[in-house]
Amino acid sequence: MEELCAPPKPSKRVDLIATAALGVLVVMTIVGRSADPAHRPFLWLDITVGVLSIALIPVIARRPVTGTLALAVLAAFSPAATPPSTAGTLNVAMRRPWRTAILVAAAGTVAHLIQGLRQPISGLPYFWFAVLDVVVHAALLGWGLGAQARQQLLMSLRDRAIRAEAEQGRRIAEARTLERTKMAREMHDVLAHRLSLLATYAGALEYRPDSSPEKLAKAAGVIRTGVHQALDELREVISVLRDDTDIEAMPGGRPQPTFGDLRALVDESRDAGTTVGYDDRVADPASLPPATGRTAYRIVQEGLTNARKHAAGHPVNVLVTGQPGDGLRIELTNPAVNGTPLAPGSGTGLVGLTERVQLAGGTLDHGRVPGGGFRLLASLPWPHE
């Protein structure tokens, strides 16, 4: 029969102590019976059964059911087997399923009822002997099953605590990974935009060395300021990743962009030499949710960055339309140019932008359009207040 989850098996030292204790009880039983003249004819039978019982005590630990049933058979012939037989019944009740334990306890009860018929105890009616026999085995059965249930409960609680701790650790790790992904996406948007602007200014210095000193100084100043800003932003994200801090909760952290910052973003690209056509047809922009406005800003930022990388020197058109209840629609178009990009890209910008838009409940579509151009089209939800 399949063994239930039970306590660890006793060590050899415990086995020796249990065997010695039960052996002492067997010897005391034989000596006590030999003092009664009515039981002296059974002395040799008691000694034989006692020796066999002591020999079977170690079997109880390895094969509880087999050893206890064998002791029950011996107990039917002599009370010398009663101590190890009852110990075996308790052991089975603590380590085996309740059906098996009940059958073994019933076998021990029947064996002792037979023993009472063959060798009655002087001064004790058989009826009361039978009652004591049933009560003792029922108590052993209840004791063992209760101990087994308690042990299983403790093991279940321990396993549950281990699983809960592992689950908590997994949730913490997932939350940290998600936060790092969010910060990496945020910094990709910011740094890619900033570095593409620097590449544009650097390209202008490289290809127009004959510019006036004032223009060269202005371009160099813009590059220097942009480098400082990029370094500050990079230093900030490294600090966040090192300290496991939310970038939006950092003291002195960068303020998050809003929909109202779109025009400044477009002007920044125009200052870098990109021709940007910006058409804002948004009704009631003040009612736009901040999260939606921030996502819209990142969409336009990524579109302008990609246009500078892959279509440098060509115009970009930005069209933003929408109103509460109809949603917000953002469309960026620019000519598709074949050739080497102005600055290398990781290829993950649009992937991260798609994830950002989907998390906001919107859709994003990008690709070539008839006529040889490239279009980035995003739709974001804008519910009524």
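Quick note: residue numbers are just sequence positions, from 1.
By the criterion of side-chain heavy atoms lying less than 4.5 angstrom apart, applied directly or through intervening Ile, Leu, Val, Met, Phe, Trp or Tyr residues, Val24 is not grouped with Ile57; the two fall into different hydrophobic clusters. Tracing side-chain contacts under 4.5 Å through hydrophobic residues (I, L, V, M, F, W, Y), one never reaches Met28 starting from Val51; they form parts of separate clusters. Note on Met94: it does not cluster hydrophobically with Leu154, by side-chain heavy-atom contacts below 4.5 Å among ILVMFWY residues.
Side chain of Arg375 to main chain of Arg368: no donor-acceptor pair is present (N/O by atom type, distance under 3.5 Å, no hydrogens or angles). Put simply, the side chain of Asp261 gets close to the backbone of Thr258: a donor and an acceptor are under 3.5 Å apart. With Thr86 contributing its side chain and Pro83 its backbone, the two residues share a donor-acceptor pair below 3.5 Å. At distances below 3.5 Å, at least one donor-acceptor pair connects side-chain atoms of Asn91 with backbone N or O atoms of Ile60. Remark: the backbone N or O of Gly88 is paired with a side-chain donor or acceptor of Thr68 at under 3.5 angstrom. Looking at Thr89, its side chain does come within 3.5 Å of a backbone N or O of Ser85 through a donor-acceptor pair.
Note that the OG1 atom of Thr295 and the CG atom of Leu359 stand 9.0 Å from one another [nearest 0.5 Å]. How far CZ of Arg294 is from CG of Leu288: 11.0 Å, rounded to the nearest 0.5 Å. Summarising the geometry, atom CD belonging to Glu167 is positioned 5.0 Å from atom CZ belonging to Arg171; distances are rounded to the nearest 0.5 Å. The distance from the CG atom of Leu71 to the OG1 atom of Thr66 is 11.0 Å, given to the nearest 0.5 Å.
For the pair Ile102 and Leu141, the minimum side-chain heavy-atom distance is below 4.5 Å. Asp46 is not listed as a side-chain neighbour of Phe77, based on a closest heavy-atom distance of 4.5 Å or more. The shortest distance between side-chain heavy atoms of Val276 and Val318 falls below 4.5 Å. The closest side-chain heavy-atom distance from Trp382 to Thr292 is not below 4.5 Å. Contact of the Leu265 side chain with the Val300 side chain is registered, since non-hydrogen atoms from C-beta on lie closer than 4.5 Å. Contact of the Ile330 side chain with the Leu328 side chain is registered, since non-hydrogen atoms from C-beta on lie closer than 4.5 Å. You'll find the side chain of His366 reaches within 4.5 Å of the side chain of Leu376, heavy atoms only. At a threshold of 4.5 Å between non-hydrogen side-chain atoms, the residues Arg99 and Leu103 do not count as touching.
One finds a salt bridge joining Arg329 and Glu331 here, because a Lys/Arg side-chain nitrogen approaches an Asp/Glu carboxylate oxygen to under 4.0 Å. At a threshold of 4.0 Å, the pair Arg281-Asp279 counts as salt-bridged, since one of the basic side-chain nitrogens sits closer than that to a carboxylate oxygen.
Applying the under-4.5 Å side-chain rule to Ile, Leu, Val, Met, Phe, Trp and Tyr, the cluster around Leu157 extends to Leu153.
Summarising the geometry of Ala81 relative to Val49, their closest heavy-atom pair is CB-CG1, 3.7 Å, with the distance given to 0.1 Å. Considering all non-hydrogen atoms of both residues, Gln115 and Phe129 come closest at OE1-CZ, 4.4 Å. Minimum interatomic distance between Ala296 and Phe259 (heavy atoms only, all atoms of both residues): CB-CD1, 4.2 Å. Summarising the geometry of Ser53 relative to Ala80, their closest heavy-atom pair is OG-O, 4.3 Å, with the distance given to 0.1 Å. Listed here is the closest heavy atom pair of Ser269 and Leu304: OG-CD1, 3.5 Å. Between Ala360 and Leu380, the shortest heavy-atom distance links the atoms CB-CD2, 4.3 Å.
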Problem set entry | Check against side-chain contact (heavy atoms from CB on, under 4.5 Å), Val320 and Tyr278 | CA-CA 8 Å; Val320 184; Tyr278 181 60; 4.1 Å; yes

Problem set entry | Intermediate values then yes/no, side-chain contact (heavy atoms from CB on, under 4.5 Å), Ile299 and Leu353 | CA-CA 7 Å; Ile299 293 171; Leu353 188 62; 3.9 Å; yes

For this session: Go through the steps for Thr82 and His112 under the test side-chain contact (heavy atoms from CB on, under 4.5 Å), then give the verdict.
Result: CA-CA 8 Å; Thr82 295; His112 283 82; 3.1 Å; yes

For this session: Dump the intermediate steps for side-chain contact (heavy atoms from CB on, under 4.5 Å) on Phe374 and Thr333, then the final yes or no.
Result: CA-CA 6 Å; Phe374 186 88; Thr333 57; over 6 Å; no

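Side-chain contact of Ser287 with Asp284: a donor-acceptor pair under 3.5 Å is present, judged by distance alone. A side-chain donor-acceptor contact under 3.5 Å links Gln301 and Arg298.
Among residue pairs with one or both ends in residues 127-136, those qualifying as side-chain hydrogen bond (donor to acceptor under 3.5 Å, both in side chains) are Asp133-His137; sequence neighbours excluded.
Residues satisfying the side-chain contact (heavy atoms from CB on, under 4.5 Å) criterion with Thr48, sequence neighbours excluded, are Leu52.
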